[in-house]
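Just follow the structure's listing: the first ligand is 1, and inside any ligand the first atom is 1. Given the structure is predicted, the values throughout are model-derived calculations rather than measurements.
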Amino acid sequence: MNITVIGTGYVGLVAACCLANSGHQIVAVENNMDKLGQLQKGVIPIYEEGLDGIFQKVTGDGRLSFTDNIKEALVNSTMVIIAVGTPSLGDGRVDLSQVNDVAKSIVTYVERPLTVVMKSTVPPGTGRLLCDRYFDKVGMNISYVFNPEFLREGKALYDWYNTDRIVIGGDQPGIAQQVMDIYSDIEAPKVCMDLTSAEMVKYASNAFLATKISFINEIANLCEKVGADIDIVATTVGMDQRIGQSFLQAGLGYGGSCFPKDTKALDYIALVNGYKFSLLKAVIEVNAGQRIIAVRKLMESLGCLTNKKIAVLGLAFKPNTDDIREAPAIDIIDHLISEGVQVRASDPLAIDNARKRFPNQVVEFIYDPYEACEGCEAVVLATEWEDYVKLNWADIKKRMVSPYVVLDGRNSLDRQLMQELGFIYRGIGRSYQYNK
Ligand code: UDX
């Protein structure tokens, strides 16, 4: 099938590459000329594990090409996938300006029957509004469906081919089947439903996962109060198959481009529809609190933080990505800077992005994690990069100065070893001391 993909962010680019890899002919539209230039030169502007290989293959075979011209791209397409940004407006509202602009372009340029597939996360009700406002108004036959993505950054290719379900929402009879066909090489339950229910599935899924994380973080905080150990508590609770092990890792809370934005959006959607989503409000509040709890732990161990040197290992919101959006490390660094801390930060992939976030040299960025810890009173492990977990911590300690505090924001380090090495070790809910 000839498909246009609009937007080449994490979602659009992965979709474009994977669909081209399945044999479809894809034209991807990007209006940021810097990004477009890179893509046309064969350079991927984001980091996503394994994507480069597929990208080189499908661009080399001529199955994926790039343009900034929607009109030209649509000429031969029978389907258009929208994967543009839907950022948060801060108060929870979702900025749909890019979606609206694309919808206007489509109805302006469409010259043949077209299926519009929305992959951007849009609030429940948006699809029906877009149909009323744009797609149902043109004489041309336009069908509209919502087809959410459930891709994790860093695991996006794996998730594309191994998804738990493919969801397609549409209000026109028969339309879902046509979209199913583009996923014919993927074995997964395919679930069809109405448009607004599909939009709700996406928000409800992310909100539930965020709820699991905030729940386990609250249990971890309580473990510290009563002297219990979150590691064994979470593992054992997760052994109940009705609960499951995943998303029970306590730490600094969730970040990234989806959970923070989508939980706030769902809370806002509830409010404007006259419903107070109390549980979700608590999930959001607990998540913000985890960052502050981390800073408080540093204060408990170091006293006044002013003029202290603290290393932050990990800037990305999770390992294997260069994405720092809503990353706990960024919030923690903001708090530390306002306390007058000299912050030395390291990350295997995200330093370039973090430099743009802290442009005025208030943070020293150092690629080598050992060097980053040089002369520091404390180290915060903010992202559980495998390289950081496996550091030679005895060597790190030699480079630090007293009182040698390690705040393990991801409960990823061997706490017994850290204590044996002479660190003041603080985890999240790991308060129980093993008998030595
Ligand atoms: C998420 C969803 O998983 C994906 O389905 C959706 O399409 C987009 O949002 P992503 O943001 O890439 O994907 O990250 P994910 O791996 O789900 O982790 C989100 C955040 O939660 C990270 O900051 C991670 O560190 C944190 N997390 C995750 C925890 O703190 N504890 C856990 O147990 C799991």
Could Asp334 and Arg357 be called an ion pair, given the rule that one side-chain N must be under 4.0 Å from one carboxylate O?
-> yes
Would you check if the side chain of Asp159 reaches a backbone N or O of Arg152 as a donor-acceptor pair within less than 3.5 Å?
-> yes
Quick check: does any side chain N or O of Glu377 sit under 3.5 Å from a backbone N or O of Ile310, one acting as donor and the other as acceptor?
-> no
Check: every ligand 1 N/O to protein N/O pair under 3.5 Å:
{"from": "ligand 1", "atom 1": "5 (O)", "to": "Phe150", "atom 2": "O", "distance (Å)": "3.3"}
{"from": "ligand 1", "atom 1": "7 (O)", "to": "Glu149", "atom 2": "OE1", "distance (Å)": "3.2"}
{"from": "ligand 1", "atom 1": "7 (O)", "to": "Leu151", "atom 2": "N", "distance (Å)": "3.4"}
{"from": "ligand 1", "atom 1": "7 (O)", "to": "Leu151", "atom 2": "O", "distance (Å)": "3.3"}
{"from": "ligand 1", "atom 1": "7 (O)", "to": "Lys202", "atom 2": "NZ", "distance (Å)": "3.0"}
{"from": "ligand 1", "atom 1": "12 (O)", "to": "Glu153", "atom 2": "N", "distance (Å)": "2.6"}
{"from": "ligand 1", "atom 1": "12 (O)", "to": "Lys318", "atom 2": "NZ", "distance (Å)": "3.0"}
{"from": "ligand 1", "atom 1": "14 (O)", "to": "Lys318", "atom 2": "NZ", "distance (Å)": "3.2"}
{"from": "ligand 1", "atom 1": "16 (O)", "to": "Lys318", "atom 2": "NZ", "distance (Å)": "2.9"}
{"from": "ligand 1", "atom 1": "23 (O)", "to": "Gly255", "atom 2": "N", "distance (Å)": "3.0"}
{"from": "ligand 1", "atom 1": "23 (O)", "to": "Phe317", "atom 2": "O", "distance (Å)": "3.1"}
{"from": "ligand 1", "atom 1": "25 (O)", "to": "Arg410", "atom 2": "NH1", "distance (Å)": "3.4"}
{"from": "ligand 1", "atom 1": "31 (N)", "to": "Gln249", "atom 2": "O", "distance (Å)": "3.0"}
{"from": "ligand 1", "atom 1": "33 (O)", "to": "Leu248", "atom 2": "N", "distance (Å)": "3.3"}
{"from": "ligand 1", "atom 1": "33 (O)", "to": "Gln249", "atom 2": "N", "distance (Å)": "2.8"}

What do you reckon, are the aromatic ring centroids of Tyr183 and Trp160 less than 6.0 Å apart?
-> yes
Parallel, tilted or perpendicular: ring planes of Phe358 versus Phe365, cut at 30 and 60 degrees | tilted
Does the ring of Phe150 carry Arg165 above it, NZ/CZ under 6.0 angstrom from centre and within 45° of its axis?
-> yes
